[in-house]
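The structure appears right after this line, and notes come after that.
Computed from a predicted structure; not experimentally measured. In each ligand, atom 1 is the first atom listed, and ligand 1 is the first ligand listed.
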Amino acid sequence: MLTLQLVAALAAFVLLIGFAAMFKVSRATAATASPGDAPPEWIYEAEEAELTGVSVAASAPGFSGQGYVTGFDQEGDALTFRVEVPAAGLYHLVIGYRSAFGEKRLNLQVNSRAHGEVVLAASDAFTETAPVKTLLQEGANTITILAGWGWYDVDYIKLSPAEPLPGRIANELVNPNATPEARALMSYLVDMHGKAILSGQQDYKNLPWLAENVGKLPAIVGFDFMDDSPSRVERGTRSNETELAIRWHRQGGIVTFVWHWNAPKGLIDEPGGKEWWRGFYTEATTFDVAYAMSNPDSEDYQLILRDIDAIAAKLKQLQDAGVPVLFRPLHEAEGGWFWWGAKGPEPAKALWRLLFERLTYHHGLNNLIWVWNSISPEWYPGDDVVDIVSFDSYPPPGDYGPLISQYESLVSLVQGRKLVALTENGAIPDPDLLQAYGAYWSWFCTWTGEFLTGGSHNSLEHLRKVYHSDYVITLDELPRWDWLQTR
Ligand code: CA
């Protein structure tokens with residue numbers, strides 16, 4: 001009996017040591033973890049990994065273990081870690097590094113598949129990257145660092161189980177007078193959170209192509225108030241986007257509008273990228289949003305009001321026709337390439353508030369769900385004027401990754417209380433990866449032209465997989481709006 005107990009204890013001890021050795025445990029381990037402890041984490045030293053075209057050094061101070069790996073200066077240079085995890089699932093991967101020659105980027109591969117780019121902020125001393133969420137299989141996995149921009153040193157990698165983000169989506173709209181149609185649409189989107197992603201396609205004219213080649217129609221169609229901008233109408237543009245949106249609504253679809261807002265004045269109108277019809281681009285106009293927003297008596301401010309009022313008339317037609325609108329003005333503000341984002345966050349946020357207040361309270365537009373489209377907290381206009389946050393994604397062609405870091409940045413931006421949408425995309429994320437990563441984008445909306453039909457951003461096979469996935473909602477699967485509203 002005593003002998004058996006001793007053997008059992010010895011076996012347990014050996015197992016524990018083996019477990020620790022396998023994971024190169026540095027701090028708390030799964031074996032010693034108890035409620036309240038920090039989650040386990042496992043460190044793998046770079047100097048013990050497989051080196052390709054790189055070498056071990058120990059001259060810079062402050063590294064972990066016996067040294068670090070340096071000499072990432074040629075394409076093909078690589079560092080491969082063989083790691084083991086106890087269960088399949090999501091892990092946070094952190095890289096210990098130094099980058100003495102400014103900000104650099106490396107390319108990551110997990111189990112020989114591309115896993116995106118990791119930014120290494122400039123640092124003379126050894127430091128760590130932000131965590132990268134990584135899906136690993138049970139047991140052995142490989143994690144490979146490819147040189148990318150090169151000229152950095154890698155000290156170690158660290159893995160820990162990824163905790164789900166906290167938060168609960170609030171089923172409410174910032175406009176207290178929202179129409180029953182807008183409320184019904186929001187309720188439906190909240191209901192679908194985590195269960196499905198709605199398919200979307202920019203530009204109504206793409207629907208026949210989708211029907212013919214993919215065999216399904218999207219749940220959402222993206223429209224654009226671009227040609228309703230007064231500085232374009234003055235030059236002869238005509239738009240039937242509002243009429244098409246009403247038609248789409250009557251077909252049972254969901255409507256989203258963006259507004260490529262041609263600057264109210266100051267169009268440079270020169271060939272080579274500054275033509276009047278490119279007047280929403282910063283480079284094509286002299287219009288100064290900071291001046292306009294800080295001078296309410298100026299002509300510039302009055303022209304902003306004129307333009308908002310022109311769009312209000314279109315939105316009123318939609319409201320009168322019972323159409324709720326996922327409304328996304330001032331998109332990609334933080335990019336700076338559109339005039340409304342050209343002078344930094346403050347005028348952009350002030351303009352957003354002006355839009356919200358004028359459309360909601362002056363024009364009585366209650367059919368709008370307000371979709372903000374920048375990630376950075378310093379650009380965020382505030383919880384009281386935003387219903388949904390979003391990101392526009394144009395990855396390399398054929399990159400069907402789940403965009404988990406952008407998704408989680410947006411979840412953090414709103415403390416998990418608002419929906420997060422992929423409001424424009426080139427390549428559509430793979431539905432299987434969206435579920436595996438818990439990247440619960442509310443909808444996607446593929447941009448028009450080659451992004452849909454060119455075959456490289458999205459292969460036809462991929463489009464068919466997406467549109468026929470059980471995780472993807474298409475037009476034929478949407479509920480009837482009259483039923484939703486009487487629920
Ligand atoms: Ca090291």
For the metal site, I want the angle between atom OE1 of E47 and atom O of G67 with the Ca ion (ligand 1) at the apex, to 10°. 70°
Test of understanding: with salt bridge (Lys or Arg N to Asp or Glu O under 4.0 Å), list the residues that count as partners of R353, not counting sequence neighbours. D384
Does any N, O or S atom in Y156 come within less than 3.0 Å of the Ca ion (ligand 1)? no
Let me check your reading of the structure: within less than 3.0 Å of the Ca ion (ligand 1), is there an N/O/S atom from A46? no
Does the plane of the ring in Y400 sit parallel, tilted or perpendicular to the ring in H462? Use 30° and 60° as the thresholds. parallel
Hey, which of Y440, Y188, W441, W443 is the one that makes ring pair (Phe, Tyr, Trp, His ring centres under 6.0 Å) with H193? Y440
Kindly state whether the ring of F338 and the ring of H260 have centres lying under 6.0 angstrom apart. yes
Where the Ca ion (ligand 1) is the vertex, angle from E45 OE1 to D155 O to 10°: 80°
